[in-house]
Amino acid sequence: MKIKFAALKAPATGVVVILLPEKAKLTGIGAELDKKSGGHIANAIKQAGFEAKQDSFLDIVAPAGTGLKRLFIAGIGAAAKLTELNAEMLGGAIAGRLGAEKAAAASVVVEALEGCELSVSQLAAQIASGMRLRTYAFTEHKTKKQNGAPTLTDCTILSAAATAARRAYQTLEAVATGVHLARDLVNEPPNILHPLEFAKRAKALGR
């Protein structure tokens, strides 16, 4: 999956994910989108009884006045309990939900959360890492390689610290690439990944 980092602004179209802490009201971009919708988003949260508990999602299709195709509100639970690992798991949950809904591309809005010890750049980078790790499938030997392949292929992380988040993500992306490589090696059948082939692939990674 291709991940980009961009400046924080309210998306005008497409599929968008915003984060909402437990027992919190919409702020920032979420409040801006709600205003455009004439309060439709806040009303949807109320009517659905959405409590924004950890790993919970509220899916709003084409919220009026926003121009969006879909808006996903991702519940993160208590912001004060959000660690780097939890943020990465959150990214995985977001990618999983978007993939289940067959979304090919999406924008994830990452803003400062009251009470959260993570900086905006840390939060954005860890969410991106979780999304990258989640979007994996081994399709090398399938007749139709698209079968089982992740549908989510492009994601833009919107934050006020896009440059710092991009820099922090570089190391995490390298780790994710290594994890995916290890998964590929484990998934290869022994008649293809025999000792000589394994040595050949290891040599190609020498740099």
Side-chain angles (χ1 to χ4, degrees), residues 1-9 11 14-20 29 54-57 59 69-77 79 82-113 116-142 145-188 201 204-205 207:
M1 181 177 64
K2 296 179 181 178
I3 294 180
K4 298 184 296 183
F5 293 87
L8 183 65
K9 64 177 181 179
V15 178
V16 176
V17 180
I18 61 174
L19 311 181
L20 185 66
I29 298 299
Q54 185 176 346
D55 294 337
S56 62
F57 290 88
D59 179 8
K69 291 175 63 177
R70 297 177 83 162
L71 175 66
F72 289 91
I73 301 177
I76 65 171
L82 200 60
T83 63
E84 288 189 348
L85 177 59
N86 289 341
E88 193 169 59
M89 296 291 284
L90 172 63
I94 291 172
R97 182 57 186 267
L98 291 172
E101 299 296 338
K102 306 300 182 184
S107 297
V108 180
V109 177
V110 180
E111 299 179 90
L113 301 173
C116 179
E117 295 184 359
L118 299 179
S119 66
V120 176
S121 60
Q122 286 177 309
L123 183 58
Q126 292 293 340
I127 288 175
S129 175
M131 296 186 73
R132 177 80 165 78
L133 287 167
R134 180 64 180 265
T135 50
Y136 171 84
F138 187 74
T139 60
E140 182 65 25
H141 305 299
K142 291 189 176 181
K145 292 188 178 182
Q146 68 269 26
N147 288 347
T151 54
L152 183 63
T153 57
D154 292 274
C155 178
T156 302
I157 308 292
L158 303 173
S159 82
T163 301
R166 188 183 301 110
R167 191 179 303 116
Y169 176 65
Q170 288 177 349
T171 299
L172 298 172
E173 183 181 29
V175 172
T177 299
V179 170
H180 286 185
L181 170 63
R183 291 173 179 173
D184 285 345
L185 294 174
V186 169
N187 283 317
E188 284 281 19
R201 296 191 189 188
L205 294 167
R207 293 183 181 179

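Atom CZ in Arg183 sits 4.5 Å away from atom NE2 in His180 (nearest 0.5 Å). For the atom pair OG1 (Thr151) and CE (Met1), the distance works out to 10.5 Å, reported to the nearest 0.5 Å. To the nearest 0.5 Å, atom CG of residue Leu82 and atom CD of residue Gln122 are 10.5 Å apart. Atom-to-atom distance recorded for Leu172:CG and Ile3:CD1 is 10.0 Å, nearest 0.5 angstrom. Going from atom CG of Asn86 over to atom CG of Leu118 covers 9.0 Å, rounded to the nearest 0.5 Å. Here the straight-line distance linking atom OG of Ser107 with atom NZ of Lys4 works out to 8.0 Å at 0.5 Å rounding.
None of Val108, Val17, Leu98, Val15 except one satisfies the side-chain contact (heavy atoms from CB on, under 4.5 Å) rule with Cys155; the exception is Val108.
A donor-acceptor distance shorter than 3.5 angstrom exists from the side chain of Thr153 to the backbone of Ala104, with no hydrogens or angles considered.
Put simply, the side chain of Arg132 reaches to within 4.5 Å of the side chain of Thr177, judged on heavy atoms. For the pair Val175/Ser129, no side-chain contact is recorded, criterion being any heavy-atom separation below 4.5 Å from C-beta on. For the pair Leu158/Ile29, no side-chain contact is recorded, criterion being any heavy-atom separation below 4.5 Å from C-beta on. Within the 4.5 Å cutoff, the side chain of Glu140 has no heavy atoms near those of the Asp184 side chain. Between Leu205 and Leu181 the shortest side-chain heavy-atom distance falls below 4.5 Å. The shortest side-chain heavy-atom distance between Arg134 and Leu152 does not fall under the 4.5 Å cut-off. For the pair Gln54 and Met89, the minimum side-chain heavy-atom distance is 4.5 Å or more.
Summarising the geometry of Ala128 relative to Phe5, their closest heavy-atom pair is CB-CZ, 3.8 Å, with the distance given to 0.1 Å. Nearest heavy-atom pair across Ala160 and Val120 is N-CG1, 4.4 Å. Of all the heavy atoms in Ala165 and Ser159, the pair that sits closest is CB-OG, 4.5 Å.
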message: side-chain contact (heavy atoms from CB on, under 4.5 Å) for Ile127 and Leu19? Distances and angles first, verdict last.
response: CA-CA 11 Å; Ile127 288 175; Leu19 311 181; 3.8 Å; yes

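Residue pairs meeting the salt bridge (Lys or Arg N to Asp or Glu O under 4.0 Å) criterion with at least one partner in residues 88-109, sequence neighbours excluded, are Arg70-Glu101, Arg97-Glu101.
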